[in-house]
Amino acid sequence: MAAHRKPKPRSLTGSFTGSLTGNTARTALTLALAGAASTTLFEGSVQADPRLTPAQVKAKVDKLYHEAEVATEQYNGAREKARKARGAINELQDEAARKTAKLDEARTALGRAATEQYRSGSIDPTVQLALADDPEEFLDRVSRGEQTAGRHANEIKGVREQLRELEQLRSAAADRFDELQDHQAELKRHKTQITKKLDKARELLASLSPEQQASYAAGEPGAPGTSDTSGARASREMPRGSLKAPNARAAQAVSFAYSALGSPYVWGAAGPNAFDCSGLTQAAYRSAGVSLPRTTYTQINAGQRVSRGELAPGDLVFFYSGISHVGIYVGGGQMIHAPNPSAPVRLAPVDSMPFAGATRVV
C-alpha cells in the first residue's frame, strides 16, 4: 500500500529557499524586509499631512470661520422663514377654528329649521286649512313660511360659502406646512455645515501652542476678528469724547454695542448674553425700538446706503462680497462686532476686513 502513495506536494517557497545556501537565503530575506520597510515608509510619507505652520493654521481657521459665518447667515434666514411659516400656520388654524365654530352654529340653526318644516309639512296644506280654526291665520302662517324658506335659502348659500372658505384655509395651511418642512430641512443642512466647519477649526487651533492660541484669539492686524490695541475694548461704556451719533436711536444702538463688549460669540444667537454678527446689530437696534431683519444680506437693505467717507456712529458696516459679516460703526474708523467663536464681541478697525458697504438705519 505504501508503494502506491502519491508524493507529498512541496511548496514553491520551500523549494526555492531550500535550493539556496544559508547565507544566500538570509541575504534575500534581509533585502525583502528592507524593501517592505522602505515601501511602508514611503507610503506613510505620502499619506501623512505636512505639519502646518501657525500662519497656515491661522489662514485655514480664518477661512473655516468665514465659511461657517456664511452658513450661519443662511441658517438665520431659513430660521426666520420657518418662524414666519409657523406663525402663518397658527393664524390659519385659528381662523379655521373660528370659521368652523361659525359654520357649526349655522348648520345647527338650519337643522332646527329643517326639523320644524318637516313636522309642519307632514300634513297636506289643504288638510291643515280644512282643520284650522282660523283659515286666515293659517294663510298668514303659509305666507310667513314662504318668507322663512327664502331666508333659509340664503343661509344655506352662506353655509356653502363658509365650507369653501374653510377648505381654502385648510389648503393654505397644508401649503405652509410643506413650506415649513422645507425650511426645517434647510436649517438642518446649514447646521450640519456650520458644525463641521467649526469642529475642523477647533481641531486646527488645538494643534497650536497655548501661546499661539491666545495670540489668535487676541487678533492680528488685517485678520478677521482683529481687535484694537488701545485698551478701549476692556471698557463696556462709551468712551468720553467719542463722536456723537446723528440721532438718539443710533446713539442708543451704539451704547448697547459697547455694553455687549466681551460677550461670547454663539452662532444663531441674538442676545441677551451671546451674539453672532447680525444678532448683535439686531439686538442693538432693538434696544432703541427699531426692528431690523435677522440676516446680514437683509440688514444691508434696511436703511439708506452711505459711503465709507460718510460713516457716522450707529451705521451698519458690511464685509465680504457675499455680505456675510456686519458690525456697528462707533466712530474713529472703529466698529463693534461679534467676530467668531474664538473671539468675544470687540472693537476692531473697519479696514480689518474687505469692506462691502454701509447702511444708515435711522
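- Using a 4.5 Å heavy-atom threshold, the side chains of Lys58 and Ser215 count as separate.
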For side chain to side chain contact (heavy atoms under 4.5 Å, CB included), just list the numbers for Lys63 and Lys60, CA-CA rounded to whole Å, side-chain angles, deciding distance to a tenth of an Å, and then say yes or no. CA-CA 5 Å; Lys63 185 174 184 293; Lys60 284 182 174 290; 5.7 Å; no

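- Classified by interplanar angle (parallel below 30°, tilted 30° to 60°, perpendicular above 60°), the ring pair Phe355/Phe319 is perpendicular.
- Counting only heavy atoms from C-beta outward, the side chains of Met353 and His337 approach each other to under 4.5 Å.
- We find the CZ-CD1 distance between Arg189 and Ile194 to be 12.5 Å, quoted to the nearest 0.5 Å.
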Go through Asp94 and Glu91 one step at a time and tell me if the side chain to side chain contact (heavy atoms under 4.5 Å, CB included) criterion holds. CA-CA 5 Å; Asp94 290 344; Glu91 290 178 3; 5.6 Å; no

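- By the rule that hydrophobic residues join a cluster once side-chain heavy atoms approach within less than 4.5 Å of another member, Val266 and Val70 end up as members of separate clusters.
- Taking 4.5 Å as the limit, every side-chain heavy atom of Lys99 sits out of range of all side-chain heavy atoms of Gln162.
- Looking at Gln299 and Thr359, their side chains never bring a donor and an acceptor atom within 3.5 Å of each other.
- Checked by atom type and distance alone, the side chain of Tyr285 pairs as donor or acceptor with a backbone atom of Gly314 at under 3.5 Å.
- When all heavy atoms are compared, the tightest approach of Leu205 to Gln213 is O-NE2, 3.1 Å.
- Taken to the nearest 0.5 Å, the CZ atom of Phe318 stands 8.0 Å off from the CG atom of Asn301.
- When every heavy atom of Val345 is checked against every heavy atom of Ala338, the shortest pair comes out as CG2-CB, 4.0 Å.
- A side-chain donor-acceptor contact under 3.5 Å links Ser207 to the backbone of Leu204.
- For the pair Pro341 and Leu198, the minimum side-chain heavy-atom distance is below 4.5 Å.
- A donor-acceptor pair is defined here as one N or O able to donate and one able to accept, closer than 3.5 Å; such a pair exists between the side chain of Asp315 and the backbone of Ala312.
- By the neighbour-count criterion of 12 heavy atoms within 6.0 Å, atom CZ of Arg286 is densely surrounded, having more than that number from other residues, nucleotides or ligands.
- Hydrophobic clustering (ILVMFWY, side-chain heavy atoms < 4.5 Å, transitive): Ile300 and Val290 are in one cluster.
- No side-chain heavy atom of Glu69 sits under 4.5 Å from any side-chain heavy atom of Thr296.
- Distance check: Leu261 CG to Ile336 CD1 gives 4.5 Å after rounding to the nearest 0.5 Å.
- Glu310 contributes atom CD, which lies 12.0 Å from atom OH of Tyr329 (distance to the nearest 0.5 angstrom).
- For the residue pair Tyr297 / Asn76, no side-chain donor-acceptor distance below 3.5 Å is found, with atom types taken as modelled.
- To the nearest 0.5 Å, atoms NE2 (His183) and CZ (Arg83) are separated by 11.5 Å.
- A donor-acceptor pair under 3.5 Å links the side-chain atoms of Asn247 to the main chain of Val362, judged by distance alone.
- No more than 12 heavy atoms of other residues, nucleotides or ligands lie within 6.0 Å of CD in Gln304, so this atom counts as exposed by the packing criterion.
- The two residues Ala269 and Ala274 come nearest to each other via the heavy atoms CB-O, 3.5 Å.
- Between the Ser259 side chain and the Phe256 main chain, a donor and an acceptor come within less than 3.5 Å of each other.
- Between Arg346 and Pro339, the shortest heavy-atom contact is CG-CG, 3.7 Å.
- Here the closest heavy-atom approach between residue Arg176 and residue Ala85 is recorded as NH2-CA, 3.7 Å.
- A salt bridge is defined here as a Lys NZ or Arg NE, NH1 or NH2 lying under 4.0 Å from an Asp or Glu carboxylate O, and Arg294 with Asp276 meets this definition.
- Linking Ile, Leu, Val, Met, Phe, Trp and Tyr whenever their side-chain heavy atoms come within less than 4.5 Å leaves Leu180 and Leu187 in two separate clusters.
- Nearest heavy atoms, Pro246 versus Pro313: CD-O, 3.3 Å.
- Residues Ser342 and Tyr65 have side chains that bring a donor and an acceptor to within less than 3.5 angstrom of each other.
- Between Leu311 and Arg360 the shortest side-chain heavy-atom distance does not fall below 4.5 Å.
- Using bins of under 30°, 30° to 60° and over 60° for the plane-to-plane angle, the ring pair Tyr320/His66 lands in the tilted bin.
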Given side chain to side chain contact (heavy atoms under 4.5 Å, CB included), test Gln212 with Val57 step by step and report yes or no. CA-CA 10 Å; Gln212 290 168 337; Val57 169; over 6 Å; no

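- If you check the side chains of Thr295 and Glu73, you find no donor sitting under 3.5 Å from an acceptor.
- Note on Ile89 and Leu169: separate hydrophobic clusters, where clusters join Ile, Leu, Val, Met, Phe, Trp and Tyr whose side-chain heavy atoms are under 4.5 Å apart, directly or indirectly.
- Side-chain contact between Glu167 and Arg164 is absent, with no heavy atoms from C-beta onward closer than 4.5 Å.
- Counting heavy atoms from C-beta outward, Lys196 and Glu67 have side chains that stay 4.5 Å or more apart.
- For Ser255 (side chain) and Ala251 (main-chain N/O), no donor-acceptor pair under 3.5 Å exists by modelled atom type.
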I would like to know whether Leu316 and Leu292 meet side chain to side chain contact (heavy atoms under 4.5 Å, CB included); could you show each step before the answer? CA-CA 11 Å; Leu316 302 183; Leu292 281 183; 4.0 Å; yes

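- Between His325 atom NE2 and Thr72 atom OG1 the span is 11.5 Å, to the nearest 0.5 Å.
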